[in-house]
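Worksheet for the structure shown next.
A quick note: this is a predicted structure, and the numbers were derived from the prediction, not measured. The figures here come from the full heavy-atom set of this structure, side chains too, leaving out hydrogens, waters and symmetry mates.
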Amino acid sequence: MSTTPRRAGAVVALAAVAVLTAASAASAHVTVHPESYARGATDGTLTFRVPDEEDSASTTKVQIFLPTDHPLLGVLVAPRDGWTAKVTDTRLKTPVKTDDGTITDAVSEITWTGGKIGAGQYEDFDVAFGQLPDDAGRLAFKALQTYSDGKTVRWIEEAAQGDEEPENPAPVVKLTAKEGGGGTAATPAKAQEAAADSSDSTARGLGVAGLIVGVLGLAAAAFAVVRTRSAGSRDA
């Protein structure tokens with residue numbers, strides 16, 4: 001019996017596994033959108049996207065930890081159907097002075113419970129802010145994701161500049177220089193960019209899914225051709 005069909009099947013199977021693995025790694029992380037904002041930006045929104053990476057368990061609890069060394073001011077949580085949000089405030093070690101007075105407390109944690117994110121699905125959680133800090137280059141939002149089977153994934157690792165992305169990276173927002181030397185307001189254009197980033201992320205996910213289907217289709221076709229040729233050889 002020829003070993004050609006077996007070899008062809010093994011090669012195609014390995015290719016499919018590689019694609020599936022890459023797709024899983026690319027889509028499983030908790031992320032924040034948009035990925036960048038101007039320092040000191042005002043009246044904006046951050047969207048935390050939480051995908052479910054387990055085949056047999058649902059996400060039932062999401063915790064996002066906001067930095068308090070460079071706090072976000074005026075944080076508000078958008079309602080999410082099926083979920084209940086608990087907001088925790090913390091007294092700041094260094095109060096923040098603003099035009100409206102001195103801020104001594106800021107939101108340090110937001111916990112969503114009561115809902116469910118099924119396998120292969122994701123949920124977006126929106127958080128509005130009044131003002132971002134203007135004395136930092138990036139903001140890391142550590143996250144905990146708890147599943148219905150009791151497993152908790154800790155998205156808390158931060159990569160040093162130039163290093164590869166860690167296994168469980170924390171969502172990060174880069175803070176860029178203020179536009180025009182001082183303008184800090186979040187513009188409609190930025191809101192559109194944020195929506196575009198989110199749509200692009202979803203589109204990439206769908207593209208990966210299409211790639212997987214294509215690989216599996218090629219696998220089936222290749223195996224059928226090899227098998228037909230092998231049968232023809234035996235008949236001859």
Side-chain angles (χ1 to χ4, degrees), residues 29-51 59-80 83-115 117 123-146 152-163 165-179 182-186 190-191 194 197-198:
H29 299 168
V30 174
T31 54
V32 60
H33 306 274
E35 296 179 351
S36 65
Y37 254 114
R39 293 188 183 98
T42 58
D43 301 326
T45 300
L46 295 173
T47 298
F48 294 92
R49 174 160 294 182
V50 183
T59 298
T60 57
K61 182 178 180 181
V62 176
Q63 296 167 270
I64 301 294
F65 297 88
L66 283 65
T68 55
D69 53 346
H70 301 287
L72 281 67
L73 306 182
V75 171
L76 295 173
V77 180
R80 174 61 57 187
W83 295 85
T84 299
K86 178 184 177 182
V87 178
T88 301
D89 290 345
T90 295
R91 183 166 293 277
L92 300 175
K93 292 182 179 179
T94 303
V96 179
K97 294 182 179 180
T98 70
D99 294 339
D100 298 322
T102 301
I103 306 298
T104 59
D105 297 82
V107 174
S108 59
E109 179 185 347
I110 305 172
T111 301
W112 287 271
T113 56
I117 307 173
E123 191 84 59
D124 283 343
F125 299 91
D126 295 332
V127 177
F129 60 82
Q131 183 173 349
L132 294 180
D134 59 5
D135 58 351
R138 53 187 278 158
L139 298 174
F141 299 88
K142 295 182 179 181
L144 300 183
Q145 181 178 9
T146 301
T152 297
V153 179
R154 300 166 62 84
W155 304 101
I156 62 173
E157 299 175 1
E158 297 182 54
Q161 188 172 2
D163 288 352
E165 185 178 68
E167 183 177 355
N168 294 319
V172 172
V173 172
K174 296 180 181 178
L175 297 183
T176 60
K178 298 178 182 179
E179 295 183 358
T184 60
K190 287 185 178 180
D197 288 343
S198 180

Sequence neighbours excluded, which residues qualify as salt bridge (Lys or Arg N to Asp or Glu O under 4.0 Å) partners of Asp134? Lys178
Contacts under 3.5 angstrom, residues 139-146 side chains, donor-acceptor by atom type, not counting sequence neighbours:
{"residue": "Gln145", "atom": "OE1", "partner": "Trp155", "partner atom": "NE1", "Å": "3.0"}
{"residue": "Gln145", "atom": "NE2", "partner": "Pro51", "partner atom": "O", "Å": "2.8"}
{"residue": "Gln145", "atom": "NE2", "partner": "Thr59", "partner atom": "OG1", "Å": "2.9"}
{"residue": "Gln145", "atom": "NE2", "partner": "Tyr147", "partner atom": "OH", "Å": "3.2"}
{"residue": "Thr146", "atom": "OG1", "partner": "Thr152", "partner atom": "OG1", "Å": "3.2"}

side-chain hydrogen bond (donor to acceptor under 3.5 Å, both in side chains) filter on Glu109, not counting sequence neighbours, yields Gln63, Thr111
Spatial distance of atom OG1 (Thr60) from atom CH2 (Trp83) [nearest 0.5 Å]: 6.5 Å
Compare every heavy atom of Pro133 with every heavy atom of Pro71, then report the nearest pair and how far apart it is. O-CD, 3.5 Å
Applying side-chain hydrogen bond (donor to acceptor under 3.5 Å, both in side chains), name anything that partners Ser36, two or more places apart in sequence or on another chain. none
Just by modelled atom types, is the Ala136 backbone N or O under 3.5 Å from a matching donor or acceptor in the Arg39 side chain? yes
Which pairs with one or both residues in residues 64-74 pass side chain to side chain donor-acceptor pair (under 3.5 Å), sequence neighbours excluded? His70-Asp135
Are any side-chain N or O atoms of Tyr37 and backbone N or O atoms of Thr42, one a donor and one an acceptor, separated by less than 3.5 Å? no
Ignoring hydrogens and angles, write down the donor-acceptor pairs under 3.5 Å from the side chains of residues 93-104, residues two or more places apart or on other chains.
{"residue": "Thr98", "atom": "OG1", "partner": "Asp100", "partner atom": "N", "Å": "3.2"}
{"residue": "Thr98", "atom": "OG1", "partner": "Gly101", "partner atom": "N", "Å": "3.3"}
{"residue": "Thr98", "atom": "OG1", "partner": "Gly101", "partner atom": "O", "Å": "2.7"}

What are the two closest heavy atoms between Pro34 and Thr45, and how far apart are they? CD-O, 3.7 Å
Inter-residue atom distance His29.NE2 - Glu165.CD, 0.5 Å rounding: 5.0 Å
I need the minimum non-hydrogen distance between Ile117 and Val50, along with the two atoms involved. CD1-O, 3.6 Å
